[in-house]
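Below is one structure, written out as structure tokens, with a few remarks after it.
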Amino acid sequence: MSKASPNHFIRSIASNDIKNGKHEYVYTRFPPEPNGYLHLGHAKSICLNFGLAKDLGGRCNLRFDDTNPEKESDEYMQSIKDSVAWLGFEWDKLCYASDYFDELYGFALELIDKGLAYVDDLSAEQMREYRGTLTEPGKNSPNRDRPVAENRALFEQMRDGEFAEGELVLRAKIDMASPNISMRDPILYRIRYAHHYRAGDKWCIYPMYDFTHCISDALEGITHSLCTLEFQDNRALYDWILENITLQKNHIGEAGKAMPRQIEFGRSNLEYTLASKRKLIQLVNEGHVNGWDDPRLTTLVGLRRRGYTPASIRNFCAEIGVTKKDSVIEMTVLENAIRHDLEANAKRAFGVLDPLKVVLTNYAAEQTESFVVRNHPKDESMGTRELPFGREVYIDRDDFMLDPPEDFFRLGPGREVRLRYGYAIRCEDVIQDDAGEVVELRCSYDPLSAQGKTADGRKIKGIIHWVSAAHAIDAEVRVYDRLFNQANPGALDDVTEALNPNSLTVFDNAKLEPSVIEADPQQHFQFERVGYFCFDSQDHQPAKPVLNRTVSLRDSWAKAAAKG
RNA sequence: UGGGGUGUGGCCAAGUGGUUAAGGCACCGGAUUUUGAUUCCGGCAUUCGAAGGUUCGAAUCCUUCCACCCCAGCCA
């Protein structure tokens, strides 16, 4: 269901603003801080911002909100650019808040000159005391009425490096008694002697988010500034700043006939996953996962490595909607999105994860043949391939039971199944080792059972996949399960308590049909009856194939079996 | 207990005073099937956080109450 742009409250606001002539077109921005890797939550924001602009004929910038040099890096910035592009979006302009540092400084001076900002020397602790509490108003700083000229001189000295970190800050002069704590003389600039990954060492004062963001929006001509719910209180400050500085006409932008409007939407969390950067870093650093792109992570790089397609993530985002309510999405929604995409677009192949050897005792030892099979059961344009067959084949251990129940349609002693696209076989003998483990099956095949028919017209209910032993390619296949066994691991102080010990299962003796290895390494497969797979982007080599299971196929048998 | 938000089926989510409360995911039936997949068809909220009220008529308007989330970084 590639959803055609569902309507939601932000879309309604934006299209009304165009209809009413408030703006000529919509102009949005996706404003990440380059201090970590993007995850599924960011994908929602990316799809919202870029999608809105695309659908309404507007534009969208990628803007790095890089005002905190100690946490930001070029590596993160590059990765974010890659992920946005990978998701399939093109930014109108690539912007950096750090490119506005000169202008921002100028606006700060304007506020000082208007008596709307002052330099304060209260310590962090004192400032916290002066700020008051949720229920009590704050009180004015003794520096609040410092003369304009002095403020200006002090601020310039701050910029010139004449003070130590933490010694002075620039504050807006608003209202220490405001019930909205964001308005209690918020800090606009702080001193940081840190190297900025883009601005270098040019500055030792850096603007705060609230001061930077609204002005960046205005400078770019952003019409709709979309952000998450926790910024609702900050909106008053956003508006206050823009109302109190002098923007040139072109600052409001070619599109903008009015100031940008901040609109907040709810975050979406996925069950059994983590979005907190801090906790993700812990998992990476402590080695619980293998890097930011571990396929069990819902980082965009992780999902990509796992085999999720950009379209599936876009569809997922369309599916979950945009509202003013934080939501918790079930894992099946994401899985449905990728299954839906890959069902239509992935080539079929045979792969056996846990091989059990089957010898066809009445098939000549030297004989081989091959079957021409379709790459997709419903899409002829995906072509055909040749599937080699011989006396020995591998089947999946799951497809055999020593003492199967009646409704097990697969192989068991004396039972008959069809090797998909090939012959019907009957299990004549089971070979077990000393420990009782089944190590081989001796079967007879019915030479008259090709093409899905049988000579006597008997129906064969069970159909299983297989790989010719003589032609099989050895591979390592990694099968993933949820990383956590609790729906909301983020609520835990120590997320490692909720780690699922079985989140990764390695099948290091998997057998694949030979056509798989000839494929484009970017390709996605469906191993019939098993799931969707892709080559691992880090560890795969043609001589030593490594694949990831993106997601299993739906399995109503397993579901029924689990229910008992 | 200050301010800002949110409450529609298991999870999302349409709906903005007028016939039986969209749709997706999940779930339960059944059909088709050389993937126990896909596809198809059917079922799945007398009820919209609760209680009052207005109205011929309310999930939609009013009142009160309840629950949950966010805000007291020189983070974003």
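Residue numbers begin at 1 in each chain, while the letters A, B, ... track the order of the sequences.
When A/F533, A/F525, A/F389, A/W466 are each tested for a ring pair (Phe, Tyr, Trp, His ring centres under 6.0 Å) with A/F350, only one passes: A/W466.
A/Y105 and A/W203 have tilted rings, their planes meeting at an angle from 30° to 60° on a 0 to 90° scale. Between A/H213 and A/Y238, the ring planes lie tilted relative to each other; the angle falls in the 30° to 60° range. Ring geometry for A/Y423 against A/F371 counts as perpendicular: the plane angle is over 60°, on a 0 to 90° scale with 30° as the lower cut.
One finds no salt bridge joining A/R198 and A/E72 here, because no Lys/Arg side-chain nitrogen approaches an Asp/Glu carboxylate oxygen to under 4.0 Å. A/R458 and A/E416 are joined by a salt bridge, as a carboxylate oxygen and a charged side-chain nitrogen come within less than 4.0 angstrom of each other.
A glycosidic torsion no more than 90° from 0 defines the syn conformation; B/G15 lies beyond that range and is anti.
In this structure, A/S123 reaches the bases: a heavy-atom distance under 4.0 Å links it to at least one base atom across the strands shown. Here A/R192 lies in heavy-atom contact (under 4.0 Å) with a base. Backbone-only engagement by A/I329 is indicated by non-hydrogen atom pairs under 4.0 Å involving sugar-phosphate atoms exclusively. At the heavy-atom level, A/R420 lies under 4.0 Å from base atoms of the strands shown. Across all strands, A/P377 comes closer than 4.0 Å to base atoms (heavy-atom distances). Among the protein residues, A/Q451 comes within range of the nucleic acid bases, having at least one heavy atom under 4.0 Å from a base atom. Counting any heavy atom pair closer than 4.0 Å across all strands shown, A/E271 reaches no nucleic acid atom. Backbone-only contact: A/R128 has heavy atoms under 4.0 Å from sugar-phosphate atoms and none from a base.
Nearest to the side chain of A/V328, among B/G36, B/G73, B/C12, sits B/C12. Comparing B/C25, B/G73, B/G3 by their closest approach to the side chain of A/M208 singles out B/G73. In this structure, the nucleotide among B/U33, B/U35, B/C74 sitting nearest to the side chain of A/K461 is B/U33. The side chain of A/E33 has B/C75 as its nearest neighbour among B/G5, B/C75, B/G73. Of the candidate nucleotides B/A72, B/C70, B/U34, B/U34 has the atom nearest to the side chain of A/I463. Here B/A76 is the nucleotide among B/A37, B/A76, B/U34 with the atom lying nearest to any side-chain atom of A/F231. When each of B/G5, B/G24, B/C70 is scored by its nearest atom to the side-chain atoms of A/E319, the top-ranked nucleotide is B/G24. Nearest nucleotide to the A/K325 side chain, out of B/C25, B/U8, B/C71: B/U8. Candidate nucleotides B/C27, B/G3, B/C25 were compared by shortest atom distance to the side chain of A/N180, and B/G3 ranks first. Nearest to the side-chain atoms of A/D326 among the listed nucleotides B/C69, B/U35, B/C12 stands B/C69.
Nucleotides B/C71 and B/C12, compared at atom C1', are 27 Å apart to the nearest Å. Going from the P atom of B/G42 to that of B/C66 covers 46 Å, rounded to whole Å. On the C1' atoms, B/U46 is 26 Å away from B/C41, given to the nearest whole Å. Separation of the C1' atoms belonging to B/C48 and B/G4 is 25 Å when rounded to the nearest angstrom.
A/R385 places a side-chain N or O within donor-acceptor distance of the main-chain N or O of A/R348, the cut-off being under 3.5 Å.
Every residue meeting the side-chain contact (heavy atoms from CB on, under 4.5 Å) condition with A/K71, not counting sequence neighbours, appears here in chain and number order: A/E33, A/N35, A/N68. For A/E162, there are no side-chain hydrogen bond (donor to acceptor under 3.5 Å, both in side chains) partners, not counting sequence neighbours. Evaluation of the side-chain hydrogen bond (donor to acceptor under 3.5 Å, both in side chains) rule for A/D399 yields A/R410, A/R529 as partners, not counting sequence neighbours.
The stacking criteria are not both satisfied for A/Y209 over the base of B/A76, which would need a centre-to-centre distance under 5.5 angstrom and an angle between ring planes under 30 degrees.
Residue A/R267 places its CZ atom among 12 or fewer non-hydrogen atoms of other residues, nucleotides or ligands, all under 6.0 Å distant.
Residue A/L229 is the one, among A/K44 and A/L229, whose nearest nucleotide of RNA chain B lies closer to the 5' end (criterion: closest heavy atom).
Nucleotide B/C74 holds its P atom 21 Å from the CH2 atom of A/W203, rounded to whole Å. If you take NZ of A/K71 and P of B/A76, they are 8 Å apart, rounded to a whole angstrom. Taking atom CD of residue A/E528 and atom P of nucleotide B/A37, one finds them 13 Å apart after rounding to whole Å. Whole-Å rounding puts the A/R267 CZ to B/A13 C1' distance at 20 Å. With rounding to whole Å, A/N234 atom CG is found 8 Å from B/C71 atom C1'.
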Where do N or O atoms of nucleotides 14-17 of chain B meet protein N or O atoms at under 3.5 Å, pair by pair?
none

What pairs of nitrogen or oxygen atoms, one from the protein and one from nucleotides 39-42 of chain B, lie under 3.5 Å apart?
residue	atom	partner	partner atom	Å
B/U39	O4'	A/K378	NZ	3.2

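The shortest distance between side-chain heavy atoms of A/R192 and A/E70 falls below 4.5 Å.
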Bracket notation of RNA chain B in which parentheses pair within the strand, [ ] cross earlier pairs, and | pairs with another strand (Watson-Crick or G-U, under 3.5 Å): .(((((((.[[[..)..(....]]].(((((.......))))).....[[[[[..)....]]]]])))))).....

Criterion salt bridge (charged side-chain N to carboxylate O under 4.0 Å, His left out) on A/D185 and A/K173, from CA distance to verdict: CA-CA 5 Å; A/D185 289 12; A/K173 192 193 278 193; over 6 Å; no

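Here A/R190 reaches the OP1 or OP2 of B/A76: one of its side-chain N or O atoms lies under 4.0 Å away. Dashed line: the shortest gap from a side-chain N or O of A/R339 to OP1 or OP2 of B/G24 is not under 4.0 Å. Using a 4.0 Å cut-off, some side-chain N or O of A/S556 falls inside it from OP1 or OP2 of B/A37.
A cation-pi arrangement is present between A/R482 and A/Y272 under the rule of less than 6.0 angstrom and at most 45 degrees off the ring axis.
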